[in-house]
S.K.: 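Can you keep this structure in mind? I'll have questions shortly.
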Amino acid sequence: MNIYLDNAATTPIDEEVYEAMIPVLKEDFGNPSSTHSYGRKIKSYIERARKNVAKHLNCSTGEIFFTSGGTEADNMAIRCAVRDLGVKHIITSKIEHHAVGHTVKKLVKKRKVDVSFVRINKKGHIDLSHLDELLMKNPNSLVSLMHANNEIGNLLPLEDVSLICKKHSAFFHSDTVQTIGHYDFDMKQMNEIHFMACSAHKFHGPKGVGFLYVNKNININPLIHGGSQERNMRGGTENVYGIVGLSKAMDVSLNKLIKHRKHIVNLKKHMLYRLNKSIPGVSFNGDCENLSASLYTLLSVSLPPVEIASMILFNMDIMGVACSGGSACTSGANIGSHVLENLKTPIDRPTIRFSFSKMNTIQEIDFAVDSLVKLYSRFEAKQNIISV
Ligand code: PLP
């Protein structure tokens, strides 16, 4: 059995998405900047996709800029806000994705901005009164806080944060990479958010494509210079098949959102129940058990200490279960997770991040839990032999 439970890292491409991309890969090969019929035809794919994305977010087409993915979108928002909007101070948290964390660090190092880190509570939620205090001291800041944490799944109350930002005339950027395609967004209602980042491969679309939402009241200049693509905002021939795939992936995900969400919530609840029952001492990182305050597609499991902790993921993989030990961006490299470190998770407790999609089944969850239980009893037996 091969089971994929690492959907926060990336998701399999949906069949319908793949089908939608084929004509652009096979026949319609023109360059969207060409003025002849080939160019005009391929350009119309991009503008149709932009219209469709804008419809799903209830925003205007002029607010969507296609990028190479979430990392570029985060970089564009933060770097352009500092360069073009007079931002001298950034407020963020220590548990952001590296696309935000490392970008802010670089800007601080180059002395372009100062940074303040908003406190997080024991469960990993942002302390909103501390955010208010920080903004009181530093109005006109850029606030960059992610909507859902990719390692522990905690959700940020976007509207509350946007209202606090508005009170202090601050700009608000949110890394929504883990939530666009999984939640409904209505940007006409949430028009105090200035920037949002999206990545197609997190919701059954292709890799290497995403977009940045930029509120129509914000005026920034391009981050990537070159041709006049994306209405002069991002040079470079467009990734048209990616853009078409992104647009189709939004249709497929959002048109049946309620049905998919119900199924995935059941998977998460089932895994919570089974793990609580079968592994004494198991707990959950962040606020994973609180279904209204955490991403329904993710469960970060904190396991009781065992001596051979580093072997857990490896053995799960051998048993046919693909999951992750933290963020996909750091797994593989032997560095600990900055998120778990800032949450003060005891280092002797191994973490497994399971993340689900509509394509997973209850049987797969059972198999994953059974595999983990088997592995644990094997490790414990070994540990007993070692300590005798
Ligand atoms: N932000 C978050 C929260 C993510 O989970 C990821 C991907 O893991 C990214 C940004 C980067 O997105 P991309 O892979 O499209 O560059």
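Both counts, for ligands and for their atoms, begin at 1 and track the order of listing.
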S.K.: Atoms of ligand 1 less than 4.0 Å from Ser199 heavy atoms?
M.R.: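 Going through ligand 1 atom by atom, the ones under 4.0 Å from Ser199 are 13 (P), 15 (O).
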
S.K.: One thing to verify: whether Lys94 and Glu341 come together as a salt bridge, which I'm taking to mean a side-chain N less than 4.0 angstrom from a carboxylate O.
M.R.: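 Salt bridge: no.
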
S.K.: Could you tell me how the ring of His98 sits relative to the ring of His102: parallel (under 30°), tilted (30 to 60°) or perpendicular (over 60°)?
M.R.: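 Ring orientation of His98 relative to His102: parallel.
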
S.K.: Using a 4.0 Å cut-off to any heavy atom of Met146, which atoms of ligand 1 qualify?
M.R.: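 Result: 3 (C).
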
S.K.: Check contact between His201 and ligand 1, using heavy atoms of the residue and a distance below 4.0 angstrom.
M.R.: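 Right, His201 reaches ligand 1.
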
S.K.: Would you call Lys88 and Asp114 a salt bridge, using N to O less than 4.0 angstrom?
M.R.: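 Looking at Lys88 and Asp114, the cut-off is not met.
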
S.K.: For the pair Lys358 and Asp14, find out whether any cationic side-chain nitrogen is under 4.0 Å from an anionic carboxylate oxygen.
M.R.: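 Here Lys358 pairs with Asp14 in a salt bridge, since their nearest N and O are under 4.0 Å apart.
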
S.K.: With under 30° as parallel and over 60° as perpendicular, where do the rings of His173 and Phe195 fit, or are they tilted in between?
M.R.: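 Taking Phe195 first and then His173, their aromatic rings stand perpendicular (interplane angle over 60°).
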
S.K.: Gly70 versus ligand 1: do any nitrogen or oxygen atoms come within less than 3.5 Å of each other?
M.R.: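 Among all N and O atoms of Gly70, at least one is under 3.5 Å from an N or O of ligand 1.
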
S.K.: What part of Lys202 sits under 4.0 Å from ligand 1 if we count only heavy atoms: the side chain, the backbone, both or neither?
M.R.: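 Under 4.0 Å from ligand 1, Lys202 contributes side-chain atoms alone.
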
S.K.: Could Glu192 and Lys167 be called an ion pair, given the rule that one side-chain N must be under 4.0 Å from one carboxylate O?
M.R.: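 The answer is no: the pair does not qualify as a salt bridge.
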
S.K.: List every atom of ligand 1 that sits less than 4.0 Å from any heavy atom of Gly69, numbering the atoms from 1 in the order shown and giving each element.
M.R.: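 That gives atoms 15 (O) of ligand 1.
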
S.K.: Nearest heavy atom to atom 16 (O) of ligand 1: which of Thr71, Asp175, Val209, Val177 does it belong to?
M.R.: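 Residue with the shortest heavy-atom distance to the ligand atom: Thr71.
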
